[in-house]
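Just passing along the structure, written as structure tokens.
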Amino acid sequence: MDHSKFEYVLAIAKEKNMTQAAKKLYISQPALTVTINKLEERLGVKLFDRTSNPIQLTYAGERYITEMQKIIALEHRLSNELEEIAGMRRGRLVIGIGNARGEYWLPHIVPPFLKAYPGIDIKIVEGKSDVFEEGLLKGTIDLCITALPNMSLDIDFDIICEETIILAVAPGHPILKGKNLSGNDLEHLLYIEPERLNGQTFICPSPGHGLYRCTWQIFEKHGIKPGEIREINNSDTAFHLASEGLGLVFTPDNSVTPPYPPHIPVCCTVDLPPYRRKIIAAYNKHIGLSPSAQAFIQLTKDIVATSPALKIPPLPERPYYSALQQST
């Protein structure tokens with residue numbers, strides 16, 4: 001079934017503005033208006049009260065969205081059941097994953113999955129956590145690899161692994177004054193008192209990213225009041241910029257991988273024990289998981305837990321630490 005018109009209705013309901021909704025949908029505003037007019041004419045009801053500012057759903061519009069979501073969930077459950085009957089000889093799996101994690105994980109997971117299930121067509125959607133959650137709720141994404149917490153109670157998940165969040169600080173940064181930097185690595189994080197971070201420049205993803213939520217959780221937990229915020233969405237890029245002193249960054253430990261920047265940042269923490277977050281495979285609880293989605297999740301767990309290629313290598317020796325320590 002073609003659900004494009006339903007996507008249009010959802011976009012208008014979310015944006016409460018025809019022009020903004022058209023931009024999100026990458027169509028012209030007149031084309032969107034014509035489509036909605038034809039849909040309302042076919043249904044015999046008005047879905048939106050366009051006399052109000054902003055635009056509001058009518059009661060009929062609210063019912064349309066609610067029932068269409070049920071129809072889409074039913075279609076997915078039927079598709080999952082038919083796939084199970086067919087023994088995964090055919091099927092389609094749409095997976096959401098962040099750019100950095102996708103680059104790091106998928107080359108080790110997708111090839112063996114397709115070898116085991118050659119009839120399953122995999123589509124990868126890269127983007128932000130809020131985009132994935134919206135796709136799960138709409139039924140356009142089957143599962144996504146992301147980090148807790150979720151924003152919606154309609155999303156369930158399987159835990160894949162945990163990762164440590166480190167604070168990357170450029171060598172020689174003022175907040176390191178008086179600290180013993182010897183032996184610092186990913187297994188021996190340097191403790192930084194949270195109050196030292198007040199007023200400091202931070203590199204942080206834009207809202208909608210899982211790491212954005214994580215960063216602000218840490219700020220709120222410790223009462224940290226950051227100074228300037230520089231938005232960089234790629235955690236690997238943020239790590240390299242932090243190494244050059246352009247800001248502090250909270251980043252997953254798997255960002256600290258070759259090729260290393262010229263000056264490897266000091267790996268720090270403001271939590272004892274260090275802050276760890278759960279990486280999950282999230283899905284719509286009302287739709288559930290198809291057999292192929294279940295198989296993909298299990299394979300992902302196995303490979304992440306056992307593959308030497310996904311183990312974080314130790315940091316190289318950094319003899320300049322002793323010199324830095326003597327100078328502080």
Side-chain angles (χ1 to χ4, degrees), residues 73 75-129 131-150 152 154-165 209-211 234-236 252-258 276-313:
E75 287 183 348
H76 278 271
R77 287 197 296 271
L78 176 59
S79 176
N80 292 347
E81 184 176 344
L82 294 177
E83 183 182 309
E84 188 171 0
I85 293 171
M88 285 196 289
R89 291 190 300 273
R90 290 183 302 168
R92 189 165 188 256
L93 188 57
V94 183
I95 301 166
I97 191 168
N99 294 352
R101 194 179 307 281
E103 179 182 355
Y104 188 49
W105 280 15
L106 294 182
H108 304 284
I109 298 169
V110 172
F113 179 85
L114 292 178
K115 183 177 180 180
Y117 308 104
I120 303 298
D121 176 30
I122 286 185
K123 178 182 178 183
I124 303 298
V125 178
E126 295 183 300
K128 302 187 296 183
S129 296
V131 173
F132 300 151
E133 291 178 357
E134 185 176 353
L136 292 176
L137 296 176
K138 288 180 179 179
T140 56
I141 293 178
D142 297 309
L143 67 92
C144 68
I145 308 299
T146 185
L148 285 178
N150 289 326
S152 173
D154 294 314
I155 292 176
D156 208 345
F157 59 89
D158 282 353
I159 297 173
I160 294 177
C161 65
E162 288 188 341
E163 65 183 11
T164 301
I165 299 298
H209 282 263
L211 196 56
N234 187 293
S235 58
D236 292 334
D253 54 1
N254 58 34
S255 298
V256 192
T257 54
R276 291 177 64 79
R277 67 174 182 172
K278 291 179 172 60
I279 305 304
I280 61 172
Y283 57 92
N284 187 318
K285 66 167 55 175
H286 303 294
I287 295 173
L289 290 168
S290 67
S292 59
Q294 294 176 36
F296 187 89
I297 292 172
Q298 187 57 56
L299 180 64
T300 299
K301 289 180 180 179
D302 294 343
I303 290 178
V304 169
T306 63
S307 174
L310 294 183
K311 298 299 180 185
I312 302 173

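None of the values given here were measured: they were computed from a predicted structure.
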**Q.** Straight-line distance of Leu289 CG to Tyr283 OH, nearest 0.5 Å
**A.**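 Spacing of CG (Leu289) from OH (Tyr283) equals 5.0 Å.
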**Q.** Spatial distance of atom CD1 (Ile297) from atom CG (Leu143) [nearest 0.5 Å]
**A.** 5.0 Å
Q) Do you know the tightest heavy-atom contact between Ala309 and Tyr104? A)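 That closest heavy-atom pairing would be O-OH, 4.3 Å.
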**Q.** Heavy-atom closest pair, residues Ile155 and Ala282
**A.** CG2-CB, 3.7 Å
Q: Grab the two heavy atoms, one from Asp236 and one from Ala100, that are nearest each other, plus how far apart they are.
A: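 Closest approach of Asp236 to Ala100, heavy atoms only: OD2-CB, 4.2 Å.
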**Q.** Where Ile120 and Ser292 come nearest, the two heavy atoms and their spacing
**A.** CD1-CB, 3.9 Å
Q: To the nearest 0.5 Å, tell me how far Ile122 CD1 sits from Leu93 CG.
A: 5.5 Å
Q. Distance from Leu211 atom CG to Lys128 atom NZ, nearest 0.5 Å?
A. 13.0 Å
Q. Taking the side chain as C-beta and beyond, is there a heavy-atom pair between Phe296 and Ile95 under 4.5 Å?
A.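 SC-SC contact between Phe296 and Ile95 confirmed.
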Q) Hey, are the side chains of Ile279 and Arg101 touching, using non-hydrogen atoms and a 4.5 Å cut-off? A) yes
Q. What's the shortest heavy-atom distance between Thr140 and Val94, and which atoms?
A.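 Heavy atoms only, the tightest pair is O-CG1, 3.5 Å.
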Q) Do other residues, nucleotides or ligands put more than 12 heavy atoms under 6.0 Å from the CD atom of Glu162? A)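 Atom CD in Glu162 is packed in, count exceeds 12.
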Q.
So which atom in Gly102 and which in Pro107 form the shortest heavy-atom distance, rounded to 0.1 Å?
A. O-CD, 3.5 Å
Q: Measure the shortest side-chain to side-chain distance between Asp154 and His286 over non-hydrogen atoms and say whether it is less than 4.5 angstrom.
A: yes
Q: Find out whether Leu136 and Cys144 are in side-chain contact, i.e. whether some heavy atom of one side chain is under 4.5 Å from a heavy atom of the other.
A: yes
Q | His209 vs Ser235 side-chain heavy atoms within contact, under 4.5 Å | A | no
Q: Scan Val110, Ile303, Ile145 and name whichever one has a side-chain contact (heavy atoms from CB on, under 4.5 Å) with Trp105.
A: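 Filter result, single survivor: Ile145.
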Q.
Closer than 3.5 angstrom, by distance alone: can the side chain of Asp121 be matched with the main-chain N or O of Arg92 as a donor-acceptor pair?
A.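 The answer is no, because no donor-acceptor pair under 3.5 Å joins these two groups.
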Q | CZ-OG1 distance between Arg276 and Thr164, expressed to the nearest 0.5 angstrom | A |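 The CZ atom of Arg276 sits 4.0 Å away from the OG1 atom of Thr164.
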Q: Flag the pair Ile124 / Ile97 as yes when at least one side-chain heavy-atom distance between them is below 4.5 Å, and no otherwise.
A: yes
**Q.** Partners meeting side-chain hydrogen bond (donor to acceptor under 3.5 Å, both in side chains) with Asn254 (sequence neighbours left out)
**A.**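 For Asn254 the side-chain hydrogen bond (donor to acceptor under 3.5 Å, both in side chains) partners, ignoring immediate neighbours, are Glu163.
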(Q) Filter on side chain to side chain donor-acceptor pair (under 3.5 Å), then keep only pairs touching residues 294-303, sequence neighbours left out; what's left? (A)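 Residue pairs passing side chain to side chain donor-acceptor pair (under 3.5 Å), neighbours aside: Gln298-Asp302.
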Q. Has the side chain of Lys138 got a donor or acceptor atom that lies under 3.5 Å from a matching backbone atom of Glu133?
A. no
Q. About how many Å separate CD1 of Ile141 and CD1 of Ile287, when rounded to the nearest 0.5 Å?
A. 11.0 Å
